[in-house]
Amino acid sequence: QLQLVESGGGLVQPGGSLRLSCAGSGFTLDDYAIGWFRQAPGKEREGVLCISSSGGSTAYADSVKGRFTISRDNAKNTVYLQMNSLKPEDTAVYYCAAEPESIPDITIVQALCAVGDFGSWGQGTQVTVSS
């Protein structure tokens with residue numbers, strides 16, 4: 001059974017850093033585009049960063065450009081979201097999601113990231129940025 005498990009969330013002060021992990025269980029992430037999304041209380045879910053199976057990345061949320069990066073380690077079957085210079089407005093539940101990708105194409109991943117059209121989702125991990 002395909003499962004995604006997020007970890008690494010927690011409470012951090014403004015300006016701090018966290019690294020979230022998304023581990024695949026029951027399948028290998030090699031052939032999947034992976035997206036990180038977040039949802040704050042009372043707000044719609046938004047795409048944060050997405051990465052194609054080949055490793056090309058796209059930053060969908062302008063608010064995270066220059067602060068967040070996405071990477072993947074296929075040997076560990078894990079995708080990471082490195083979050084630096086965190087702000088209180090980054091507080092949200094963060095989800096990772098996976099979508100099979102027959103041919104790596106960053107333009108398709110960008111489109112998927114924009115609408116959240118990924119087939120498999122993790123349970124989410126809470127990130128709270130507060131002093």
Side-chain angles (χ1 to χ4, degrees):
Q1 183 178 357
L2 188 155
Q3 280 191 314
L4 295 168
V5 180
E6 302 99 332
S7 61
L11 173 64
V12 63
Q13 292 187 340
S17 298
L18 281 176
R19 187 177 77 161
L20 305 184
S21 299
C22 173
S25 175
F27 73 112
T28 58
L29 297 179
D30 297 28
D31 297 324
Y32 286 76
I34 305 295
W36 281 100
F37 297 81
R38 67 185 181 185
Q39 187 165 21
K43 294 187 177 181
E44 292 187 356
R45 185 185 65 197
E46 66 171 347
V48 177
L49 274 169
C50 299
I51 189 167
S52 71
S53 59
S54 65
S57 63
T58 179
Y60 177 68
D62 288 341
S63 60
V64 306
K65 287 182 179 179
R67 300 188 299 123
F68 291 10
T69 56
I70 189 171
S71 62
R72 61 192 307 153
D73 186 339
N74 287 343
K76 294 183 178 180
N77 213 32
T78 300
V79 174
Y80 302 99
L81 181 68
Q82 179 67 44
M83 305 186 295
N84 299 326
S85 302
L86 283 161
K87 304 175 181 180
E89 52 263 43
D90 295 318
T91 296
V93 178
Y94 284 72
Y95 300 89
C96 68
E99 180 66 17
E101 192 176 30
S102 57
I103 299 175
D105 188 330
I106 194 60
T107 58
I108 295 177
V109 174
Q110 288 173 335
L112 293 175
C113 204
V115 298
D117 193 10
F118 284 70
S120 301
W121 292 79
Q123 83 288 352
T125 185
Q126 177 70 46
V127 172
T128 302
V129 185
S130 175
S131 55

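Just so it is clear, the structure is predicted and the values come from calculations on it, not from any experiment.
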>> Which residues pass the salt bridge (charged side-chain N to carboxylate O under 4.0 Å, His left out) test with Arg67, not counting sequence neighbours?
In response: Asp90
>> If we ignore hydrogens and angles and just use 3.5 Å, is the side chain of Glu46 paired with the main-chain N or O of Arg38 as donor and acceptor?
In response: no
> Below 4.5 Å, heavy atoms only, C-beta onward: do Leu11 and Ser130 meet side chain to side chain?
Replying inline: yes
> How close do Ala97 and Phe37 get, heavy atom to heavy atom, and via which atoms?
Replying inline: CB-CE1, 4.1 Å
> Cluster question for you: counting only ILVMFWY and a side-chain heavy-atom cut-off of under 4.5 Å, with indirect links fine, are Ile70 and Leu4 together?
Replying inline: yes
> So with a 6.0 Å cut-off around CD of Glu44, is the heavy-atom count from everything else above 12?
Replying inline: no
> With side chains defined as the heavy atoms from C-beta onward, is the minimum distance between Tyr32 and Ser53 less than 4.5 Å?
Replying inline: no
>> Test of understanding: clusters of I, L, V, M, F, W, Y form through side-chain heavy atoms closer than 4.5 Å, transitively. Do Val93 and Tyr80 belong to the same one?
In response: no
> Hey, would you say the Trp36 and Phe68 ring centroids sit under 6.0 Å apart?
Replying inline: no
>> Working to the nearest 0.5 angstrom, can you tell me the gap between Thr69 OG1 and Arg19 CZ?
In response: 10.0 Å
> Same cluster for Ile34 and Tyr60 if Ile/Leu/Val/Met/Phe/Trp/Tyr side chains link at under 4.5 Å?
Replying inline: no
>> If you define the side chain from C-beta out and look only at heavy atoms, does anything of Ser71 sit under 4.5 Å from Gln82?
In response: no
> Is Val127 reachable from Val79 through a run of hydrophobic residues whose side-chain heavy atoms are each under 4.5 Å from the next?
Replying inline: yes
> Say you draw a straight line from NZ of Lys76 to OG of Ser21; how long is it, rounded to the nearest 0.5 Å?
Replying inline: 9.0 Å
>> For Gln126 and Thr91: C-alpha separation, side-chain torsions, deciding distance, then whether side-chain contact (heavy atoms from CB on, under 4.5 Å) applies.
In response: CA-CA 8 Å; Gln126 177 70 46; Thr91 296; 4.0 Å; yes
> Does the side-chain contact (heavy atoms from CB on, under 4.5 Å) test come out yes or no for Ser17 and Val12, once each step is laid out?
Replying inline: CA-CA 7 Å; Ser17 298; Val12 63; over 6 Å; no
> Just how far is it from atom OG1 of Thr28 to atom CG of Asn74, taken to the nearest 0.5 Å?
Replying inline: 8.0 Å
>> Within the 4.5 Å heavy-atom criterion, are Cys50 and Phe118 side-chain neighbours or not?
In response: yes
>> Rounded to the nearest 0.5 Å, what separates atom CG in Asp105 from atom CD in Gln110?
In response: 9.0 Å
>> Using only atom types and a distance under 3.5 Å, with no angle test, would you say the side chain of Ser131 pairs donor to acceptor with the backbone of Gln13?
In response: no
> If only atom types and distance count, is the side chain of Asn77 paired as donor or acceptor with the main-chain N or O of Leu29 below 3.5 Å?
Replying inline: yes
>> Check whether Gln39 reaches the backbone of Lys43 with its side chain - one donor and one acceptor, N or O, closer than 3.5 Å.
In response: yes
> Just by modelled atom types, is the Gln123 backbone N or O under 3.5 Å from a matching donor or acceptor in the Glu6 side chain?
Replying inline: yes
>> Hydrophobic cluster membership, with links at side-chain heavy-atom distances under 4.5 Å among I/L/V/M/F/W/Y: are Tyr95 and Leu18 in one?
In response: no
> Under 3.5 Å, is there a donor-acceptor pair between the side chain of Arg72 and the main chain of Ser52?
Replying inline: yes
>> Can you confirm whether Leu20 sits close enough to Met83 that some side-chain heavy atom of one is under 4.5 Å from a side-chain heavy atom of the other?
In response: yes
> Could you give the distance from CD1 (Ile106) to OG (Ser57), rounded to the nearest 0.5 Å?
Replying inline: 6.5 Å
